[in-house]
Undergrad: 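Once you've had a glance at the structure underneath, I'll fire off some questions.
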Amino acid sequence: MSQSNLEPKGQIVEVRGVHRWEAYQRLQELNIACWCSLGEPLQVQIDNAVEATQLGSVLRQFTAPRHELVGLLENSWLAS
């Protein structure tokens with residue numbers, strides 16, 4: 001989705017770092033408005049709490065240490 005097609009309604013969040021393209025692809029799969037240009041930070045439009053939670057989850061997937069991700073999975077399995 002190009003930036004020119006977006007009508008900002010919520011909060012725009014910038015994401016920097018080496019994983020921004022992987023995050024961009026996953027956010028596109030989740031139908032969350034985002035755009036990224038070469039050498040620029042990923043920008044994500046967050047319109048509600050669900051999108052904010054999904055963004056946090058996507059970013060954690062690429063930035064959290066493995067042991068933390070394993071702990072999150074184990075806790076979610078125990079809770080269900």
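Numbers for residues simply follow the sequence, beginning at 1.
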Undergrad: Same cluster or not: are Val70 and Leu72 linked, directly or through other Ile, Leu, Val, Met, Phe, Trp or Tyr residues, by side-chain heavy atoms under 4.5 angstrom apart?
TA: no

Undergrad: Hydrophobic clusters here meaning ILVMFWY residues chained together by side-chain heavy-atom distances under 4.5 Å, can you tell me if Trp21 and Leu30 are in one?
TA: yes

Undergrad: Got a second to check how far Leu42's CG is from Glu22's CD, nearest 0.5 Å?
TA: 11.0 Å

Undergrad: Please give me the minimum heavy-atom distance between Cys36 and Arg20, naming the atom from each residue.
TA: SG-NE, 3.6 Å

Undergrad: Check Gln54 against Ile32 and note the closest heavy-atom contact, atom names and distance.
TA: OE1-CD1, 3.4 Å

Undergrad: Does Arg26 have any side-chain hydrogen bond (donor to acceptor under 3.5 Å, both in side chains) partners at least two apart in sequence or in another chain, and if so, which?
TA: Glu29

Undergrad: Show me the donor-acceptor pairs, under 3.5 Å and distance only, between side chains in residues 55-65 and residues at least two apart or in other chains.
TA:
unit_1 : atom_1 : unit_2 : atom_2 : d
Thr63  : OG1    : Leu59  : O      : 2.7

Undergrad: Measuring from atom CD of Gln43 to atom CG of Leu27, what distance do you get when rounded to the nearest 0.5 angstrom?
TA: 13.0 Å

Undergrad: With sequence neighbours excluded, give me every salt bridge (Lys or Arg N to Asp or Glu O under 4.0 Å) pair touching residues 61-71.
TA: none

Undergrad: Do the non-hydrogen side-chain atoms of Tyr24 and Gln28 ever get within less than 4.5 Å of each other?
TA: yes

Undergrad: Sequence neighbours left out, what passes side chain to side chain contact (heavy atoms under 4.5 Å, CB included) with Arg16? Give chain and number order.
TA: Glu14, Pro41

